[in-house]
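Okay, structure first, notes after.
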Amino acid sequence: MTTLREAGIPVIIDCDPGHDDVFALWLAAGHPAIDLRAVTTVGGNVPLMHTSRNARVALSVAGVADVPVAAGAAGPLSRALQTAEWIHGENGLGGPDLPEPTFPLDSRPATALMVDVIAAAAERVTIIATGPLTNIAILVRDHPDAAERIEEVVWMGGSTERGNVTPYAEFNAWVDPEALALVLSSGIRLTMVGLNVTHTALVTGAVRKRLAAVGTRTAAFGEELLEFFCHTNDQVFGLPDGPLHDPVAVMAVAEPEAVRRVHTRLDVELAGSETVGATSVDLDGVLRRQPNAWVARSLDVDRFWASMGKAIARLR
Ligand code: BDR
Ligand code: CA
């Protein structure tokens, strides 16, 4: 075992790697506050075949071979899958040459692996979701007993402000808004870590130097990922310091005091002619509905990058 996973918070990461998902996996695998028990994959940034391989590539590069990775839903609950090759490349991890994963996919479907991990855990398990919420919605719908033993779902997605795939919708929310609606209606504790916060986690030149200075194989692979990711973010959004969204959700679990959040009302648009997937966050309470989610408002950015550097340094 190469990671420090003896006494941390038990966590499952559900992801769609994706450049920033890789850093989420590394932050979790290398952070002493987290005990990464399983990884599940979903179709999102790229089709499931790629996300399931990429999750194993990310862990293999980092020398983590003892965390099971299982494939989940190939596409959303009731829509066709929309992908994001224009940001992540054709295989989802544009930039470096991808090595063969050092371990195979788990034979169980994602939700079966989640159920087993939750049942085997002495404590309640936290799920960090960094893609569309399809797998989590299926778990909640089909395995309510297991869902009751989830401590919290901490999800990178949505926004209190504008979107990144339509003017008002963030990608993960937009790909499967029905999944978000189902998770919200389940009563499970949900924290949304949206673009309003992740757009402060910018991969500046100073950040890239700092991470490259870690000097490991994982850091070098990461630098190749960031080169590609910053280039596509510049081309698409005019953001040469690309926002590294997904690991901010991990930070909210590992170091909750670094991510300030408020308890508020969160809903998602399912039927708007221009606004499907937009998250409606009633920060001022004007709707007078019961709060149903925690929503991140700010990030201690320096602390985030310091923790990222330390986590990567603990990996191979
Ligand atoms: C989210 O969409 C994906 O492209 C990223 O991996 C992240 O999860 C940001 O909108
Ligand atoms: Ca993602």
Side-chain angles (χ1 to χ4, degrees), residues 12-28 39-48 50-55 57-58 69 71-73 75-76 81-95 110 127-136 153-177 179-180 191-203 222 225-226 228-237 239 241-252 268 276-279 296 299:
I12 298 170
I13 294 195
D14 185 70
C15 58
D16 64 337
H19 295 69
D20 50 338
D21 301 80
V22 170
F23 284 84
L25 290 169
W26 290 346
L27 180 57
V39 172
T40 53
T41 57
V42 65
N45 282 322
V46 283
L48 184 68
H50 288 306
T51 60
S52 302
R53 183 168 189 271
N54 292 348
V57 167
V69 177
L81 176 64
Q82 306 273 356
T83 51
E85 283 87 358
W86 64 90
I87 292 292
H88 298 280
E90 283 303 312
N91 66 3
L93 291 184
I127 296 185
I128 301 173
T130 62
L133 282 169
T134 320
N135 288 337
I136 317 303
V153 174
V154 179
W155 171 59
M156 189 283 128
S159 177
T160 63
E161 296 162 15
R162 295 177 68 86
N164 61 356
V165 68
T166 73
Y168 289 101
E170 179 280 334
F171 179 78
N172 290 335
W174 176 76
V175 169
D176 198 349
L180 172 56
T191 288
M192 176 185 114
V193 180
L195 297 178
N196 53 297
V197 171
T198 65
H199 273 201
T200 65
L202 295 174
V203 183
L225 288 176
L226 292 178
F228 185 96
F229 185 69
C230 288
H231 179 68
T232 54
N233 270 276
D234 191 17
Q235 280 184 326
V236 176
F237 299 115
L239 290 174
D241 301 341
L244 206 61
H245 311 280
D246 291 338
V248 182
V250 178
M251 190 69 177
V268 59
V276 165
T279 42
L299 168 71

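Atoms within a ligand are numbered from 1 in the order they appear, just like the ligands themselves.
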Self-check item: Backbone of Asp21 reached by a side-chain donor or acceptor of Trp26 within 3.5 Å
Solution: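 Pair absent, no side-chain N/O of Trp26 close to backbone of Asp21.
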Practice problem: Return yes if some donor-acceptor pair links the side-chain N/O of Asn233 with the main-chain N/O of Phe229 below 3.5 Å, else return no. | Solution: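 Yes; at least one donor-acceptor contact below 3.5 Å.
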Exercise. Measure the spacing between CG of Leu239 and OG1 of Thr232 and express it to the nearest 0.5 Å.
Key: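 Nearest 0.5 Å value for the CG-OG1 distance: 10.5 Å.
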Quiz item: About how many Å separate NE2 of His245 and CD of Glu170, when rounded to the nearest 0.5 Å?
Solution: 7.5 Å
Quiz prompt | Passing option when Pro177 is tested against Val268, Thr279, Asn172 for side-chain contact (heavy atoms from CB on, under 4.5 Å) | solution = Val268
Exercise. Apply the side-chain contact (heavy atoms from CB on, under 4.5 Å) test between Phe23 and each candidate in Asp246, Val248, Leu226; give the one that qualifies.
Key: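 The single option meeting the side-chain contact (heavy atoms from CB on, under 4.5 Å) with Phe23 is Leu226.
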Filter the ligand 1-protein atom pairs down to N or O on both sides and distance under 3.5 Å, then list them.
unit_1	atom_1	unit_2	atom_2	d
ligand 1	4 (O)	Asn45	OD1	2.6
ligand 1	4 (O)	His88	NE2	3.0
ligand 1	6 (O)	Asp20	OD1	2.6
ligand 1	6 (O)	Asp20	OD2	3.2
ligand 1	6 (O)	Asp21	OD1	3.1
ligand 1	6 (O)	Asn45	ND2	3.0
ligand 1	6 (O)	Asp246	OD2	3.1
ligand 1	8 (O)	Thr130	O	3.1
ligand 1	8 (O)	Asn172	ND2	2.9
ligand 1	8 (O)	Asp246	OD1	2.6
ligand 1	8 (O)	Asp246	OD2	3.1
ligand 1	10 (O)	Asn164	ND2	2.8
ligand 1	10 (O)	Glu170	OE2	2.5

Practice problem: State which residues pass side chain to side chain donor-acceptor pair (under 3.5 Å) with Thr160; sequence neighbours excluded, sorted by chain then number. | Solution: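 Thr160: side chain to side chain donor-acceptor pair (under 3.5 Å) contacts with Asn196.
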Practice problem: With sequence neighbours excluded, tell me which residues meet side chain to side chain donor-acceptor pair (under 3.5 Å) with Asp16. | Solution: Asn45
Exercise. Give me the protein N, O or S atoms that fall under 3.0 Å of the Ca ion (ligand 2), sorted by chain and residue number.
Key: Asp16 OD1, Asp21 OD1, Asp21 OD2, Thr130 O, Asp246 OD2
Quiz item: Under 30°, 30 to 60°, or over 60°: which ring-plane class applies to Phe171 and Trp86, parallel, tilted or perpendicular?
Solution: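 Taking Trp86 first and then Phe171, their aromatic rings stand perpendicular (interplane angle over 60°).
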